[in-house]
Amino acid sequence: MLLDLHARLRDALRSTIRTQWNIDPPEIVLNQTPKIEFGELATPVPFELARLLKRPPQSIAEELIIRVGKIDGVERMEPAGRGYINFFLDRAAVVRGSRLRGYPGDEGKIIVEHTNINPNKAAHIGHLRNAAIGDTFVRILKAAGRKVEVQNYIDNTGVQVADVIVGVKHVERKTLDDVRRLIANRSIKFDYYCWDVYARVASFYEEQDPHYALRAQVLKEIEEGSADTARMAELVAMTIVRCHLRTMSRINVHYDLLPRESDVLHLKFWDYAFRQLRKKEAIFFEKEGKNAGCWVMRLDSDGQDEDKIIVRSNGTVTYVGKDIAYQLWKLGLLAQDFQYTVFDADADVWVTTSGDGQPDHPAFGHGRTVYNVIDVRQSYLQNIVRHGLLALGHEEQARRSIHFSYEVVALTPECAGQLGVELTAEDRKRPHIEVSGRKGQGVKADDLLDALELEAMKEVKQRNPKLTPTETETIAHQIAVGALRYFLLKFTRTAIIAFDFKEALNFDGETGPYIQYAAVRGNNILHKLRESDPGFDFGRIQKMLNNPKLGVYLNESDDIWELVYLALRVDEIGHQVFVTLEPAALAKHAFALAQRFNLFYHRYRIISEPDMDRKLFYILVVDVVREALTKALDLMGIEVPRRM
RNA sequence: GCGCCCGUAGCUCAGAUGGAUAGAGCGACGGACUACGAAUCCGUAGGUCAGAGGUUCGAAUCCUCUCGGGCGUACCA
């Protein structure tokens, strides 16, 4: 594995520097070289040493190379660029080594919390970004041999659920039985119905309940478990959760556990956290001023301007309060535990409950590290949660509580216009328009997926008219997911995605289908080989690894080596994503790999290559690359279609 | 006001930890299907990395300021 090679390089340089000059070695930075003629890796460390040793970097580089001696997997080193050391890898050895994989042992469970959609309306494009990022991160962690638990927190006692209940009861005038009938009606998408109801509530408040008295009342009733309202809220929220999970399963996103906020409350998690926070004086009761009657957390010692309300004056707990308790539980710092019951047996999803759970549930919680995948607008709240942990003295755990933040999905003004958002002349000049769930303005996840599948279906039919309808549908679906997930991952976390149908529905250029296509073509070459030579022994490809000509071929053509090297770097890029929390790096890498592969099979004839050894070498290249493409796609939750 | 993020080709974006000649896609223009399938490939044009200082052997990247833009700073989440 290349990561092992990196470690060997760093170790060798460090120990040589230490013994040679008797100094603490600086951090050994390894860079990719700008061109393959400079080797594969380079370190600028002689520049650092030049400062410490007061000598020209070039001569340090030369001396270091001599002193370091032979490093396993490195063919040679050269000083370059007035002070770099360039490393030229033993190409054949790197290819052989790539077939061996070693993973670190168990370093403790990692909990990744993502999706977390308010269960009061249909999922939209922004939620898809969250899920795509979170799920990709999970896949990368698992591939690296880490133990991962995926949690999708259900905020079923929050204001947003209260609002939709206000809408159902007071705007739509529906009873609990009406709601049951609506849910049973297969021709109605219940999450879509609530989307519209929720959008109508905003104007209802404006006109009929400007002080949000109904919201407060409903919220309180939900929290207290008051019969009718609470039952309706439970039914509405959990029905919508099922809708969300169905939507997410369309893009290959799954969960282990659905922790519910109502259970955090009913099982008194909050009471415990509250007592602790109070004992440590992390929160206190405000007797006067604007926050009179509330329990608040003081974030700024100067005064109450920055105080954050944790318990409202009517006694209900804000989201952060419950989130602190939940975070404590995730880290195994809470004396209590949930009860658990199966939510979806087929998908092996569990849900928390306050009633009798099943005794034989898996061990949930007790994460050593916790990643919360939540958009950047929640940085403030995430900080308060962290503040709470620190106030309780959990410094180590606070360090291991990581806000995996990313920017939101907005709409281009044109797109917003198409969706019926009213825009002023100024709006039209803006780079993006924020989606508003409150106004019902946004792209619903299922609608987008439907549109993508329809578009993909056209393309598949046109290119593969002989496929059965089922096959066509399957492939169209895989392509739709490929396009969508790649689109959501190719932007870096800090980039606001200005959503536009034209771009999202595109299958050409830097897209998921482009990469899928490359993988399909790779597979097809091997299929073709089987067809043209039914007796072909595929074991010969494996044997090519030990053929001395492997090194000769790899060294004679830099273009093929660059392709193979990109393929072998997939694990390294996965590691980079883990360190930098930047899944876009993987997306970009997969695309670059696909590009190089397209170039390769355009430039070289593989099946018709007359020289048998050379042909085997080409086939080995195809095999290595299609395996890497498949893996990179899999890490992004994208499948390789049978045909395209 | 305070805090965070962004500003790179016509457009949308990459350039992790400072490093060698700043790269993709789209769009534009011109080419390549009798070939392992063209959802592909090749070529051309396109840059004062918002601006100004500074640190450094070296800055798109770090620091300061200025100018644009976005978000947060709720008894919403």
Self-check item: Length of the line joining A/Y326:OH and B/A77:P, which is rounded to integer Å
Solution: 16 Å

Practice problem: Take the angle between the ring planes of A/F578 and A/H575 and call it parallel below 30°, perpendicular above 60°, tilted in between. | Solution: tilted

Practice problem: Counting Watson-Crick and G-U wobble pairs only, both distances under 3.5 Å, name the nucleotide matched with B/A16, or none. | Solution: none

Quiz item: Using purine N1 to pyrimidine N3 plus N6-O4 or O6-N4 for Watson-Crick, or N1-O2 and O6-N3 for G-U wobble, both under 3.5 Å, which nucleotide pairs with B/U61?
Solution: none

Quiz prompt | Candidate nucleotides B/U17, B/C75, B/A20, ranked by approach to the side chain of A/N291 - the nearest | solution = B/C75

Quiz item: In whole Å, what separates the P atom of B/G25 from that of B/G70?
Solution: 31 Å

Exercise. Kindly assign one of parallel, tilted or perpendicular to the pair A/F137 and A/F404, based on the angle between their ring planes and the thresholds 30° and 60°.
Key: perpendicular

Self-check item: Distance, C1' atom - from B/C57 to B/U64, rounded to whole angstrom
Solution: 23 Å

Quiz item: If you pin A/A456 and A/A584 to their nearest nucleotides in RNA chain B, which one's is more 5'?
Solution: A/A584

Practice problem: Using a strict 4.0 Å threshold on nitrogen-to-oxygen distance, state whether A/E426 and A/K429 make a salt bridge. | Solution: no

Quiz item: Roughly how many Å is it from CG in A/L586 to C1' in B/A14, rounded to a whole number?
Solution: 14 Å

Quiz prompt | Watson-Crick or G-U counterpart of B/U34, or none if no pair lies under 3.5 Å | solution = none

Quiz item: How does each nucleotide of nucleotides 22-38 of chain B score, in 5' to 3' order, for protein heavy atoms under 4.0 Å: base (B), sugar-phosphate only (S), or none (-)?
Solution: --SSS---------BBS

Exercise. Rounded to whole angstrom, note down the P distance from B/G68 over to B/G31.
Key: 47 Å

Practice problem: State which of B/U17, B/A16, B/A77 makes the closest approach to the side chain of A/N31. | Solution: B/U17

Quiz prompt | Opposite nucleotide pairing with B/G7, Watson-Crick or G-U, both atom distances under 3.5 Å | solution = B/C67

Quiz item: Is A/R493 near enough to B/C13 that one of its side-chain N or O atoms lies under 4.0 angstrom from OP1 or OP2?
Solution: no

Quiz item: With sugar-phosphate meaning primed atoms plus P, OP1 and OP2, does A/R215 contact a base, only sugar-phosphate, or nothing at under 4.0 Å between heavy atoms?
Solution: nothing

Quiz item: Which is true for A/I479 with a 4.0 Å heavy-atom rule: it touches a base, it touches only sugar-phosphate, or it touches nothing?
Solution: base

Quiz item: With a 4.0 Å cut-off on heavy atoms, is A/P34 in touch with a base, just the backbone sugar-phosphate, or nothing at all?
Solution: base

Exercise. Just call it for A/E582: base, sugar-phosphate, or nothing, with non-hydrogen atoms closer than 4.0 Å on any strand.
Key: nothing

Practice problem: Could you tell me whether the phosphate oxygens of B/A77, OP1 or OP2, come under 4.0 Å of any side-chain nitrogen or oxygen in A/N118? | Solution: no

Quiz item: When you check the gap from the basic side-chain N to the acidic O, do A/R530 and A/D533 get nearer than 4.0 Å?
Solution: no

Quiz item: Just checking A/A162: base, sugar-phosphate only, or nothing, at a heavy-atom cut-off of under 4.0 Å?
Solution: nothing

Exercise. Indicate, with a heavy-atom threshold strictly under 4.0 Å, whether A/N116 touches base, sugar-phosphate, or nothing.
Key: nothing

Quiz prompt | Whole-Å P distance, B/C4 and B/C63 | solution = 11 Å

Quiz item: How is A/A50 classified with respect to the nucleic acid when contacts are heavy atoms under 4.0 Å: base, sugar-phosphate, or nothing?
Solution: nothing

Quiz item: Taking for each residue the nucleotide of RNA chain B bearing the nearest heavy atom, is the 5' side occupied by A/K322 or by A/V29?
Solution: A/V29

Quiz item: For A/L381, which contact category applies under a 4.0 Å heavy-atom criterion: base, sugar-phosphate, or nothing?
Solution: base

Exercise. Using a 90° cut-off around 0 for syn, call B/C29 syn or anti.
Key: anti

Quiz item: Which word best sums up how the rings of A/F274 and A/W295 line up, parallel for under 30°, tilted for 30 to 60°, or perpendicular for over 60°?
Solution: perpendicular

Quiz prompt | Lys NZ or Arg CZ of A/R129 over A/Y406 ring: under 6.0 Å, within 45° | solution = no

Exercise. Could you measure between the two C1' atoms, the one in B/G51 and the one in B/A14, and give it in whole Å?
Key: 23 Å

Practice problem: Could you tell me whether A/R377 and A/E434 make a salt bridge, using a distance below 4.0 angstrom between a side-chain N and a carboxylate O? | Solution: yes

Practice problem: For A/L30, answer base if it contacts any base atom (sugar-phosphate contacts may also be present), sugar-phosphate if it contacts only those atoms, and nothing otherwise; contact means non-hydrogen atoms under 4.0 Å. | Solution: base

Practice problem: Assign A/H527 to base, sugar-phosphate, or nothing according to its heavy-atom contacts below 4.0 angstrom with the strands shown. | Solution: nothing

Self-check item: Pairwise P distance for B/C62 and B/U44, with rounding to whole Å
Solution: 33 Å

Quiz item: Looking at B/A14, B/C41, B/U56, which one has an atom nearest to any side-chain atom of A/Y514?
Solution: B/C41

Exercise. Report the distance from atom CD of A/E27 to atom P of B/U17, rounded to the nearest whole Å.
Key: 11 Å

Exercise. Please determine, for B/G43, whether a Watson-Crick or G-U wobble partner exists with both distances under 3.5 Å, and give it or none.
Key: B/C29

Practice problem: Establish whether the base of B/C75 is bridged to the side chain of A/T318 by a donor-acceptor pair shorter than 3.5 Å. | Solution: no

Exercise. Tell me the partner of B/U21, counting only Watson-Crick (N1-N3 plus N6-O4 or O6-N4) or G-U wobble (N1-O2 and O6-N3) with both under 3.5 Å; none if nothing fits.
Key: none

Quiz prompt | A/I475 CD1 to B/A39 P, straight-line distance once rounded to whole Å | solution = 14 Å

Quiz prompt | Partner of A/H477 under side-chain contact (heavy atoms from CB on, under 4.5 Å), chosen from A/I475, A/V481, A/I479, A/T474 | solution = A/V481

Exercise. Determine the Euclidean distance between corresponding C1' atoms of B/C36 and B/A45; express it in Å to zero decimal places.
Key: 34 Å

Exercise. Taking the six-membered ring of A/F47 (Phe, Tyr or Trp), confirm whether the NZ or CZ of A/R82 is under 6.0 Å from its centre and within 45° of its axis.
Key: no

Quiz item: With a non-hydrogen cut-off below 4.0 angstrom, is A/N86 in contact with a base, only sugar-phosphate, or nothing?
Solution: base

Exercise. Check every strand shown and say whether A/T494 touches a base, only sugar-phosphate, or nothing at a heavy-atom separation below 4.0 Å.
Key: sugar-phosphate

Self-check item: Spacing between A/Q378 atom CD and B/U73 atom C1', to the nearest angstrom
Solution: 14 Å

Quiz item: Do NZ/NE/NH1/NH2 and the carboxylate oxygens of A/E471 and A/R643 come within less than 4.0 Å?
Solution: no

Exercise. Salt-bridge test for A/E562 and A/R596: reply yes if a basic N is under 4.0 Å from a carboxylate O, no otherwise.
Key: yes

Exercise. Taking only the side-chain heavy atoms of A/R377 (C-beta and beyond), determine which of B/G72, B/U21, B/U17 contains the nearest atom.
Key: B/G72

Quiz item: A/Q58 CD to B/A20 C1': how many Å, rounded?
Solution: 13 Å

Quiz item: What nucleic acid atoms does A/K502 come within less than 4.0 Å of, heavy atoms only: base, sugar-phosphate, or nothing?
Solution: nothing

Self-check item: B/A20 pyrimidine/purine six-ring stacking with A/Y84, under 5.5 Å and 30°
Solution: yes

Quiz item: Expressed in angstrom and rounded to an integer, what is the separation of A/Y380 atom OH from B/C75 atom C1'?
Solution: 12 Å

Quiz item: Base, sugar-phosphate, or nothing: which does A/V376 touch, judged by heavy atoms less than 4.0 Å apart?
Solution: nothing

Quiz prompt | Gap in Å between the two C1' atoms, one belonging to B/G19 and one to B/G15, rounded | solution = 13 Å

Self-check item: Salt-bridge present (A/R569, A/E572; N to O < 4.0 Å)
Solution: yes

Self-check item: Distance, rounded to the nearest Å, where A/I496 contributes CD1 and B/A14 contributes P
Solution: 11 Å

